[in-house]
Amino acid sequence: MTLFEILLLVGAGIAAGFLNAVAGGGTFLSLPALIYVGVPPVSANATATLAALPGYISSAWGFRHHMQREGALSLWGIAGVGIAGSVLGALLLIITPGDTFLWVVPWLLLLATGMFAFGPALLRAIQKRGAGSAGVGVSVAAILAVSFYGGYFNGGLGIMLLATFGFIGYGNLHGMNGLKSVLSAVVALVSAITFIAAGLIAWKPAFVIAISATLGGYLGAIMSRRIVRTDLLRHFVTAIGLIMAAVFFLR
């Protein structure tokens with residue numbers, strides 16, 4: 001890597017970690033940066049997933065006292081279904097040709113951006129409708145689907161998980177955030193192990209992104225207490241997602 005490429009990855013990693021800490025959407029920056037410096041698309045997605053893992057783990061630890069069972073599935077049951085879904089998603093990514101993945105990426109970015117923009121409203125609507133309506137079968141299907149998505153493409157996973165938890169019967173937002181971080185970490189870890197076994201991780205860029213994202217996450221955790229207009233930040237991240245989707249559509 002050249003000095004410019006290293007600095008680009010450092011900047012993208014810090015910004016991604018910061019955004020993930022205060023609003024989410026860090027993958028909108030880390031994935032394009034990895035592809036820009038020459039990492040093949042499928043490998044870039046795998047590398048971005050691995051690089052996001054430390055932030056998920058630290059966030060899960062911060063919410064460890066808030067997590068409790070609210071729906072039809074136990075916490076271990078949710079983790080087990082999440083493991084199965086993430087393995088299937090990761091395996092699909094492994095066998096996806098690079099050109100096909102490049103064609104899919106802008107659509108996935110649009111989906112993730114849409115969920116990021118409208119996810120909070122969707123979550124409020126689900127919670128307003130009332131929790132506890134989903135049984136075991138529906139809960140398993142919902143967790144399996146969202147973890148499959150996360151195993152294949154990590155972008156927008158957090159808000160999708162929050163909406164899913166609201167749908168299957170969770171109402172405590174702090175507990176949902178903790179469980180979101182735990183399941184995100186599970187999905188990222190299982191997917192990363194699968195990607196490592198397949199030789200998809202670009203280790204040098206992964207190291208740069210992971211370290212800088214950790215720093216960005218720490219700064220974001222500090223600054224999040226001072227950010228009053230989080231709605232403006234969400235609009236900014238949404239704009240980034242739309243711009244990145246447009247860039248990939250024009251490739």
Q: If we only count heavy atoms from C-beta on, is the Ser184 to Leu161 side-chain gap below 4.5 Å?
A: yes

Q: Walk me through it: do Tyr149 and Asn154 pass the test side-chain contact (heavy atoms from CB on, under 4.5 Å)?
A: CA-CA 7 Å; Tyr149 168 89; Asn154 196 255; over 6 Å; no

Q: Would you indicate whether the side-chain heavy atoms of Leu157 and Leu183 approach each other to under 4.5 Å?
A: no

Q: What pairs with Phe207 under ring pair (Phe, Tyr, Trp, His ring centres under 6.0 Å), at least two apart in sequence or on another chain?
A: none

Q: Which pairs, with at least one residue in residues 199-216 and sequence neighbours excluded, count as a side-chain hydrogen bond (donor to acceptor under 3.5 Å, both in side chains)?
A: none

Q: So which atom in Ala245 and which in Pro106 form the shortest heavy-atom distance, rounded to 0.1 Å?
A: O-CB, 3.6 Å

Q: If I compare all heavy atoms of Val39 with all of Ala202, which pair ends up nearest, and what's the gap?
A: CG1-CB, 4.0 Å

Q: With the 4.5 Å side-chain cut-off for hydrophobic clustering, are Val247 and Phe249 part of the same group?
A: no

Q: Leu53 vs Leu189, test: side-chain contact (heavy atoms from CB on, under 4.5 Å). Steps then yes/no.
A: CA-CA 7 Å; Leu53 181 58; Leu189 177 61; 3.9 Å; yes

Q: Within this structure, what is the CG-CG distance for the pair Leu200 and Leu93, rounded to the nearest 0.5 Å?
A: 6.5 Å

Q: Can you check side-chain contact (heavy atoms from CB on, under 4.5 Å) on Phe153 and Leu31, steps first, answer last?
A: CA-CA 10 Å; Phe153 185 71; Leu31 176 61; 3.5 Å; yes

Q: Rounded to the nearest 0.5 Å, how far apart are CG of Leu88 and CD1 of Ile83?
A: 12.0 Å

Q: Taking all atoms of both residues into account, what is the closest heavy-atom pair of Ala206 and Ala51, and its distance?
A: O-CB, 4.2 Å

Q: Quick one: do Val190 and Leu92 end up in the same hydrophobic cluster if we chain Ile, Leu, Val, Met, Phe, Trp and Tyr together by side-chain heavy atoms under 4.5 Å apart?
A: yes

Q: Please assess Phe248 against Trp107 for the test ring pair (Phe, Tyr, Trp, His ring centres under 6.0 Å), listing each intermediate value before the final yes or no.
A: CA-CA 9 Å; Phe248 277 97; Trp107 297 104; over 10 Å; no

Q: Calculate, to the nearest 0.5 Å, the distance between atoms CZ and CG belonging to Phe18 and Leu219 respectively.
A: 7.5 Å

Q: I need the minimum non-hydrogen distance between Ile35 and Ala44, along with the two atoms involved.
A: CG1-CB, 3.6 Å

Q: Any chain of hydrophobic side-chain contacts (each under 4.5 Å) joining Val37 to Leu3?
A: no

Q: To check you understand the geometry: which heavy-atom pair defines the closest contact between Ala48 and Ser30, and what is its length?
A: CB-OG, 4.0 Å

Q: Going by side-chain hydrogen bond (donor to acceptor under 3.5 Å, both in side chains), name the pairs with one or both residues in residues 84-104, residues two or more places apart or in two chains.
A: Thr96-Tyr152

Q: Quick one: are Leu29 and Met244 in side-chain contact, heavy atoms under 4.5 Å?
A: yes

Q: Rounded to the nearest 0.5 Å, what's the gap from CZ on Phe195 to CG on Leu50? Could you check?
A: 9.5 Å

Q: Show the nearest heavy-atom pair for residues Ala12 and Ala33, with the distance to one decimal.
A: CB-CB, 3.6 Å

Q: To the nearest 0.5 Å, how far apart are CG in Leu109 and CZ in Phe28?
A: 6.5 Å

Q: Between Met1 and Leu8, is there shared hydrophobic-cluster membership here, with clusters defined by ILVMFWY side-chain heavy atoms closer than 4.5 Å?
A: yes

Q: Look up atom OG1 in Thr47 and atom CG in Leu9, then write down how far apart they are to the nearest 0.5 Å.
A: 10.0 Å

Q: Under a single-linkage definition using a 4.5 Å side-chain heavy-atom cutoff for Ile, Leu, Val, Met, Phe, Trp and Tyr, are Trp76 and Ile78 assigned to the same hydrophobic cluster?
A: no

Q: Under the side-chain contact (heavy atoms from CB on, under 4.5 Å) criterion, do Ser43 and Ile201 qualify, and how do the steps go?
A: CA-CA 6 Å; Ser43 179; Ile201 303 298; 6.0 Å; no

